[in-house]
2 protein chains.
Amino acid sequence: MWSVSISHDKSYHHGNLRTVLIEVGIAMLQEEGVEALSLRMLAKRVGVSHNAPYMHFADKEALLAAIAEQGFLLLADHIQSALELTTPDEDWLVRFHRGCRAYVMFMFEHKAHAQVMFHYYDSAKYPDLSRASANTLYVLESWIQQGQAAGYVTPGESRRWTTLTWSLLHGIFVILNTKRTLPPLGDKPLDTLIHDHVSSLYLGLKPRPDEP
Amino acid sequence: MWSVSISHDKSYHHGNLRTVLIEVGIAMLQEEGVEALSLRMLAKRVGVSHNAPYMHFADKEALLAAIAEQGFLLLADHIQSALELTTPDEDWLVRFHRGCRAYVMFMFEHKAHAQVMFHYYDSAKYPDLSRASANTLYVLESWIQQGQAAGYVTPGESRRWTTLTWSLLHGIFVILNTKRTLPPLGDKPLDTLIHDHVSSLYLGLKPRPDEP
DNA sequence: CACTCTATATTGTCAGTGTCAATATTGAGT
DNA sequence: ACTCAATATTGACACTGACAATATAGAGTG
C-alpha cells in the first residue's frame, strides 16, 4: 500500500512524500504541539515546496487524521503485544493490569499521536481513521471478553465494560498529563499511579461475593 | 470583581469588554469550534477594533485560559448543586451517581468550555485558572470523602479515588463525544449510557464482602 | 526510440490571522 | 482646568491555509 523507495533524493518527484510528511509531522507535533504545527514549516523542513503536501492531503486536518489513524493502529498493536506476553495459566487480572499499563504508557510515549487521536473527525471523510479506531475498540473488547470467559466480567455486557475501560484509561492519561493534579499525586512515579488507579477499578471486576 | 455596567453603548471606552469578550468567545466556540475561533472575528463581532482584546488578554491563549477558568468554576458549582439536592438520609451511592451524571451532562451542555478546559496551561502563567481547577478537585474530593464517611470508600485514599473518578468521568465524556464508538452504544440515550458506565465503576466502591 | 498522458511538484497569489508599535480618546483625580 | 493612566484605534508585518496556473518527470504505448 505504501510506496517503496525509502531514500528521498533531490529528484523532482519525491517518491515517498506522504510517508515522510507523516513522520516529520509527528516529530514536529512532539516538539512544538498541535497549535504550532503549520503545513508550510513542515514542507520546508521536508525540503519541498509549500504546496506539495496538498497532493497527498486535501487539508491540514487530513494530515492530522492520518497521524491519528497511525496512532490507533500502533496503539492496538502495542496493547495486543502487551497482552500476549503471558503464560497460558496467567490470571486474567494480571493481564488486565498489564494491558492498562501498556495503554497509558503508550499515550505518554506517543504524545504526538495523543494530541490528535481524540478530536472529532467526520467519519465519512476519513474512513481509514474510522476503521483504525474501530479496530482498537475490537482489540479492547476481545480483551474484556477474555475476562468474561475467566469469570471476571458479568456476561453479555462486554461492550459496556470496554467503553468503560477505554474511558478510564483515556481519562487517566489526560488528567495525569495536564498535571493540574495537586502535589500528593505528583510525587509518585507514573507507574505507581497507573497501578493504583487501575487497581481501584478492577475491584469492580472481581466476581460477586457469591463466588469465592 | 467584574465591572458593573451591562449595556455596552457606542462609547469609546467599552467599560465591559473583558466580560463580553469571554461571553461572545464562548458562543463562537460553541458554533465553530476552537480551531475556527479567531481573535479578529471575535473583536469584529463584539464591535470593537481588532486589537482591543489585547488590552484584556496578553494572548489568544490567555482568553482561552479565562474561559477554561470559568468552566472549572461553573463545573464545581454545578456538581455541588447536584450533590446538595438531597434528603439527609440519602444513600451515598445515590448521591454519587447523581454527581457523576451531573458532571458528564455539564460537559455535554458546555462543549465550548469543554474544548479548552483540558489543554495544558502553564500554571505559573495562569494562577487563576490553576486555582479554579484545584477548587474543582477539592469539590470532587470532599464528595468522595463523604463516601468514606459512609463506609463506601476505603479510608486514607481519597485523593486516589478522586482522580480515579475524575479520570473516568472525563474519559466517558470524551469517548462518548467523539462518537467513534460503534452502533450498539449509539442507540441508547445518553442518560442510560452514563448510568451504566458509572454503575460499573461503583461496584468497586461497595464495601468489601465482610460487610453486608 | 519518440510521444503522450497523468501523477507529482512548483510558483504565484490572496484573504485571514496573531501580534507588535504608534497614536488617539476618554474619564477620574488633582 | 490639567494631568495622567487606562482603554481603544489605526497601521504594519510576517506567517498561514488554500486555490489556481504552470512546470516536470516517469510510465505506458506506438
Side-chain angles (χ1 to χ4, degrees), chain A residues 1-25 28-29 31-67 116 119 121-122 125-126, chain B residues 1-25 28-29 31-67 116 119 121-122 125-126:
Chain A
M1 173 170 277
W2 305 112
S3 36
V4 278
S5 77
I6 292 300
S7 69
H8 60 294
D9 306 320
K10 209 45 179 307
S11 62
Y12 196 98
H13 279 44
H14 187 288
N16 205 22
L17 186 53
R18 202 193 121 100
T19 307
V20 174
L21 284 172
I22 291 178
E23 284 172 5
V24 178
M28 293 178 70
L29 281 181
E31 295 162 14
E32 319 169 64
V34 208
E35 36 261 347
L37 175 65
S38 83
L39 283 185
R40 290 177 102 108
M41 277 195 49
L42 172 57
K44 183 169 293 179
R45 183 153 153 182
V46 169
V48 101
S49 87
H50 69 266
N51 262 345
Y54 285 90
M55 281 295 110
H56 303 277
F57 302 101
D59 229 61
K60 186 182 179 182
E61 191 191 54
L63 170 69
L64 300 182
I67 294 176
V116 298
H119 278 181
Y121 296 99
D122 180 358
K125 221 167 166 181
Y126 307 106
Chain B
M1 173 171 278
W2 305 113
S3 38
V4 279
S5 77
I6 291 300
S7 69
H8 60 293
D9 307 318
K10 209 50 182 304
S11 63
Y12 195 99
H13 278 43
H14 187 288
N16 206 20
L17 186 53
R18 201 192 122 102
T19 308
V20 174
L21 284 172
I22 291 178
E23 284 172 4
V24 178
M28 294 180 69
L29 281 181
E31 296 162 13
E32 321 169 63
V34 207
E35 38 261 347
L37 175 66
S38 83
L39 283 185
R40 290 178 103 107
M41 278 196 45
L42 173 57
K44 182 168 294 180
R45 184 154 153 181
V46 169
V48 100
S49 87
H50 70 266
N51 262 346
Y54 284 89
M55 281 298 112
H56 304 276
F57 303 101
D59 228 61
K60 184 181 179 182
E61 190 191 53
L63 170 67
L64 300 181
I67 294 177
V116 299
H119 279 180
Y121 297 99
D122 180 357
K125 222 168 168 182
Y126 307 107

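Chain identifiers are assigned alphabetically (A, B, ...) following the order of the sequence lines, protein sequences preceding nucleic acid strands; residue numbering begins at 1 within each chain.
The CZ-P distance, from B:F57 to C:dG18, rounds to 14 Å in whole Å. For the pair B:M55 CE and C:dT19 C1', the interatomic distance rounds to 12 Å; values are reported in whole Å. Across the protein-nucleic acid pair, B:E32 atom CD and C:dG16 atom C1' stand 13 Å apart, rounded to whole Å. Counting to the nearest Å, the P atom of C:dT25 and the CG atom of B:L17 are 19 Å from each other. Look at OH on A:Y54: it is 18 Å from P on C:dT13, rounded to the nearest Å. Whole-Å rounding puts the A:L64 CG to D:dG17 C1' distance at 12 Å. Between B:R45 atom CZ and C:dT17 atom C1' there is a gap of 18 Å when expressed in whole angstrom units. C:dA9 atom P lies 13 Å from atom CG of A:L42, rounded to whole Å.
The terminal axes of the helix from C:dC1-D:dG30 to C:dT30-D:dA1, fitted over 5 pairs per end, subtend an angle of 0° to the nearest 10°.
Side chains of B:V48 and B:V20 form no contact here, defined as non-hydrogen atoms less than 4.5 Å apart.
Residues passing the side-chain contact (heavy atoms from CB on, under 4.5 Å) test with A:L37, sequence neighbours excluded: A:M28, A:L29, A:L64. Looking at residues two or more places apart in sequence or on another chain, you find no side-chain contact (heavy atoms from CB on, under 4.5 Å) involving A:M55. Contacts of A:Y126 classified as side chain to side chain donor-acceptor pair (under 3.5 Å), with partners at least two apart in sequence or in another chain: A:E61. For the side chain to side chain donor-acceptor pair (under 3.5 Å) test, no residue two or more places apart in sequence or in another chain qualifies with B:R40.
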Between the protein and nucleotides 12-16 of chain D, list the N/O to N/O atom pairs that are separated by less than 3.5 angstrom.
{"residue": "D:dT16", "atom": "OP1", "partner": "A:S38", "partner atom": "OG", "Å": "3.1"}

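A distance of 12.0 Å separates CG of B:L42 from NZ of B:K44, quoted to the nearest 0.5 Å. Taking OH of A:Y54 as the start and OG of A:S49 as the end, the distance is 11.0 Å to the nearest 0.5 Å.
Comment: A:E35 does not engage B:K60 in a salt bridge, judged by the lack of any side-chain N to carboxylate O separation of less than 4.0 angstrom.
Contact between B:A58 and B:A62 at its shortest, heavy atoms only, is N-CB, 3.9 Å.
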